[in-house]
Amino acid sequence: MYDHLQIEKKWQQKWRESQLYRVGEDQTKPKYYILDMFPYPSGVGLHVGHPKGYIATDILARLKIMQGFNVLHPMGFDAFGLPTENYAIKNKMQPQGATDINIANYKRQLEILGFTYDWEREIKTTDPRYYKWTQWAFLKMFEAGLVFESYEPINWCPSCKTGLANEDLEDGKCERCGSEIEQKPMRQWVIRITDYAERLLADLDKLPEWETSIKEMQKNWIGKSEGAEINFGAASSELKIKVFTTRVDTIFGCTYVVLAPENELVEKLKSQITNWSQVAEYIAAVKNKTNLERTDLNKDKTGVKLEGVQAINPFNGEKVAVFIADYVLNSYGTGAVMAVPAHDERDYEFAQKYGISIKKSISPAAAIEAPDCYTDDGLLLASGEFTGLNSASARTQMIAWLEKNNQGNKKVNYKLQDWVFSRQRYWGEPIPIIHCAKCGAVPVPYEQLPLTLPNVKSYEPSGTGESPLATIADWVNTTCPKCGGPAQRETNTMPQWAGSSWYYLRYIDPHNDKALVDKAREKYWSPVDFYVGGAEHATRHLFYARFWHKFLFDIGVVNYEEPFKKLKAVGLIIGEDGRKMSKRWGNVINPDEVVAQYGADSLRLYEMFMSPFSDSSAWNTKGLIGVRKFLDRVINITTSTEPDSAVVINLLHKTIKKVADDILDFKFNTAVSAMMILVNAIYNQGGKLSQANYPLLLQILAPFAPHLAEELWANIGQPDSIFRSSYPTPDVNLMKDSQITMVVSVNGKMRASLELPTGISESEVLALALEHELVKKWLEGKEIVKKIFVPDKLINIVIKYTP
RNA sequence: GCCGCGAUGGCGGAAUUGGUAGACGCGCUGGACUUAAAAUCCAGUUCUAGCGAUAGAGUGAGGGUUCGAUUCCCUCUCGCGGCACCA
């Protein structure tokens, strides 16, 4: 047993005093930038799940430091946003005050775990010196035409009293509070992220070190689909009904056309629609539905036929019926589809219900029975000049036909929607725009940045949908920077994602007041070599950050097109009862208590040992005691003037290599296991280790258990920190095995094993095997058909099977 | 429904160009030490049969490829994550 409290406190203080973690700018050294997703400092503090990723990056950082790299491993706080604002309202505090208290608590909790952060580089997104550059980037986007105002209906959370982006919804409910959301028209600032859709998709291929699952999620999020826009004529009207389809090849099977109820064509066709009252009623009913109801797949498809209107198929001049139905979304494609019930399941279901005819135009290429609704590619059937073509070439030729006849064109669509970038809330970066009656939306001049958040009496949402900022007359009323006339400030603030979209750049150059980041420094430190965080950010933060970075690249602020070279997702730690850690279940484990009772080194080691890094797994205090026992065993190893056994020497050098390799691979659980095996071997030789090898043991342990390793390092008279020593290099000769276990199997089944010198030949092994009693009895009276020999591994004797 | 990932002892998990399944840890059993307990140390621990040597079975289920499959292929079941009427 050792006094972890005393040791850990002592070294944390010494490291601070000696500025062990100060990050230098010596650009002649190779750099390594390791980044954690920075935390949101909530009022409840950290539970043991939060630091898991930080422990892993800290181990990697310490290894890299010992390997001679200039390591940047910073930490900061993503502090703007709703939770703090709501927390402040509830506790009758100012959001700024609540943030300061929460950050101080988080820092304290991080400090006791012994991380290598250089707090000189700390970032807070709420610091005006930081958000000056968030605002600056926004204005650059405004200048570049990427930002626009939109009056589209937005998702409105009646409980949070704020607008939400689609990204902030879960199952049509508010991600934060779980309330059902409503549709409410609201003036919003929107960023044209869709302009970058193609690059965000294509450049995923430049990220081989990202986990495929996260790349797949981003791909699905962008949702690219290639197809065609086709103009259907409207009978007895000049209007064109433009539809989008990925399956032009099925168009000869089109028996009706469907418009989204909100499609503006509906209003334009009003004069021809003979059942308008019925149509209007349907449109009104759809409007009242929440998105949740509308997108519920289990519900029946509904729609109304537009009596008096017909659409003309440009390929064959056929007139087909026109419907409105809420299964067609106005926000995707053209808000209109051509329906081919024979080859699309939704259309099939709808046609069945409304008695619309079903016409086959594709037959399966293989000789199989065609189902009523066949959705795969095949051969074209009854399709005029295109009959007999396969689907793929038909699509190419039919699009060419459309373009030649001016009836449509090739078109790529994305599910990705533009980024609603404003919130009607107080605790966010003010959007630096001034509204002038004469000049329109005018940017706040760059030299006036940062545009700071004013103090306000009440942080409660106004309830009208406007930000509390709107109530501060002397802040709102200003003069137009362009014409000098009276004007009003924008009162919306930015979403929480804004500050986190580029923070990794600021760590490189945190105090620069002339630029977002110095370009030479950025060239040296970027990109982030290793980024670690929760997979839940795959389609939000990670997507926005990639977009923001590409924009900064385009305007020449950064040198590289992608911000994060390697990405690893951290698995959750759930409660001992198998449920997510939450106050509600009373299963939260507080790291403060674990550190007090077992020490930070034990916590670090345990979280790395408990499961593969990216897997989620349940906390188990018994397992924690197991790694604490391991540390106690390390302490009890004594140094000796006697040489070590061959087994220990061999194992030590193998372990040096394995631990370093495993850290770089984020396979911490097997690294810890390898160290345990080594220590067990040392105990088998009496718990003594030679003076020459003892320091090596401490060095491989140091990244995992820094306090203890540092203490033991000092105990053997080392004057400087163990983290200023060089990570040991394994001796390849000492790692070599002189003996191997040769497996002898008969028909693939292990029957015996032989301890033999390495490099032994097949004939020698065979001779020994045939003599072996355990092998002999299986071979008696049997004919040997063949032998398979894997050098230094096994020999398999194959005999003829005679029942 | 679609996309991705996964399923191994009582538990967490280990094992990759296909070659000893169950490393390491927890738990459990026994022993040493102790007046006793805790701690520590040592030994054992997949299941079945056997005192034992040993034999048989065994990596979610079924099939296949192979001298040999936890690993590769096909079908299915269950679980996790993401997306979801995207035309």
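To find a chain, count down the sequence lines: A is the first, B the second, and so on, and within it residues start at 1. Not measured: the values here are computed from a predicted model.
Of the candidates A87(B), C3(B), G13(B), A87(B) carries the atom nearest the T245(A) side chain, counting heavy atoms from C-beta on.
Comparing the same atom, C1', in A14(B) and in G25(B) gives a spacing of 11 Å after rounding to whole Å. Comparing A21(B) with A57(B), their P atoms sit 13 Å apart, to the nearest whole Å. The separation of U70(B) from A36(B), taken at their P atoms, amounts to 49 Å, rounded to a whole angstrom. On the C1' atoms, A15(B) is 40 Å away from A37(B), given to the nearest whole Å. Look at the C1' atom in both U65(B) and C74(B): the space between them is 11 Å, to the nearest Å. Nucleotides G31(B) and A38(B) are separated by 13 Å at their P atoms, to the nearest Å.
Between U66(B) and N747(A), no contact under 4.0 Å exists linking OP1 or OP2 to a side-chain N or O. Using a 4.0 Å cut-off, some side-chain N or O of R633(A) falls inside it from OP1 or OP2 of C41(B). In terms of phosphate contacts, S213(A) brings no side-chain nitrogen or oxygen within less than 4.0 Å of OP1 or OP2 of G82(B). A sub-4.0 Å separation between OP1 or OP2 of C67(B) and a side-chain N or O of K786(A) is present. Considering only side-chain N and O atoms, Y332(A) lies under 4.0 angstrom from the phosphate OP1 or OP2 of A87(B). Between N620(A) and C11(B), a side-chain N or O to OP1/OP2 separation shorter than 4.0 Å is absent. Contact annotation: K777(A) reaches the phosphate of A55(B) (side-chain N/O to OP1 or OP2, under 4.0 Å).
Backbone-only contact: W778(A) has heavy atoms under 4.0 Å from sugar-phosphate atoms and none from a base. Residue V798(A) is in sugar-phosphate contact alone, with no base atom involved, counting any heavy-atom pair closer than 4.0 Å across all strands shown. Contact annotation for R628(A): no contact, since no heavy-atom pair falls under 4.0 Å across all strands. Among the protein residues, S753(A) comes within range of no part of the nucleic acid, since none of its heavy atoms lies under 4.0 Å from any strand. At a threshold of 4.0 angstrom between heavy atoms, the contacts of M676(A) are confined to the sugar-phosphate backbone, with no base atom among them. Residue contacts shown for N680(A) are limited to sugar-phosphate atoms, with no base heavy atom under 4.0 Å away. Looking at heavy-atom distances under 4.0 Å, G223(A) makes no contact with the nucleic acid at all.
Between D347(A) and K301(A) there is no salt bridge, since no side-chain N of the basic residue sits under 4.0 Å from a carboxylate O of the acidic one. Checked for salt-bridge contact, K566(A) and E211(A) miss the test: no charged N lies under 4.0 Å from a carboxylate O. For the pair K568(A) and E209(A), the salt-bridge criterion is not met [side-chain N within less than 4.0 Å of a carboxylate O].
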* Worked verdict on F543(A) versus W497(A) for side-chain contact (heavy atoms from CB on, under 4.5 Å) -> CA-CA 10 Å; F543(A) 196 72; W497(A) 311 111; over 6 Å; no
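In this structure, the ring of F668(A) has its center less than 6.0 angstrom from the ring center of F666(A).
On a pure distance criterion of 3.5 Å, no polar donor-acceptor pair joins the side chain of K787(A) and the base of C67(B).
Nucleotide G25(B) holds its P atom 10 Å from the NZ atom of K629(A), rounded to whole Å.
The closest donor-acceptor contact from the side chain of Y374(A) to the backbone of D377(A) lies under 3.5 Å.
In this structure, CG in L754(A) is found 11.0 Å from CG in L794(A), a value given to the nearest 0.5 Å.
Base orientation of G62(B): anti, the glycosidic angle falling outside 90° of 0.
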Name the pairs: protein N/O against N/O of nucleotides 16-19 of chain B, kept only if under 3.5 Å.
residue	atom	partner	partner atom	Å
G19(B)	N2	N796(A)	ND2	3.4

* Treat a base pair as Watson-Crick or G-U wobble with both distances under 3.5 Å, then lay out RNA chain B in dot-bracket form, 5' to 3', with | for cross-strand pairs. => (((((((..(((......[....)))((((((.......))))))((((....))))..(((((..]....))))))))))))....
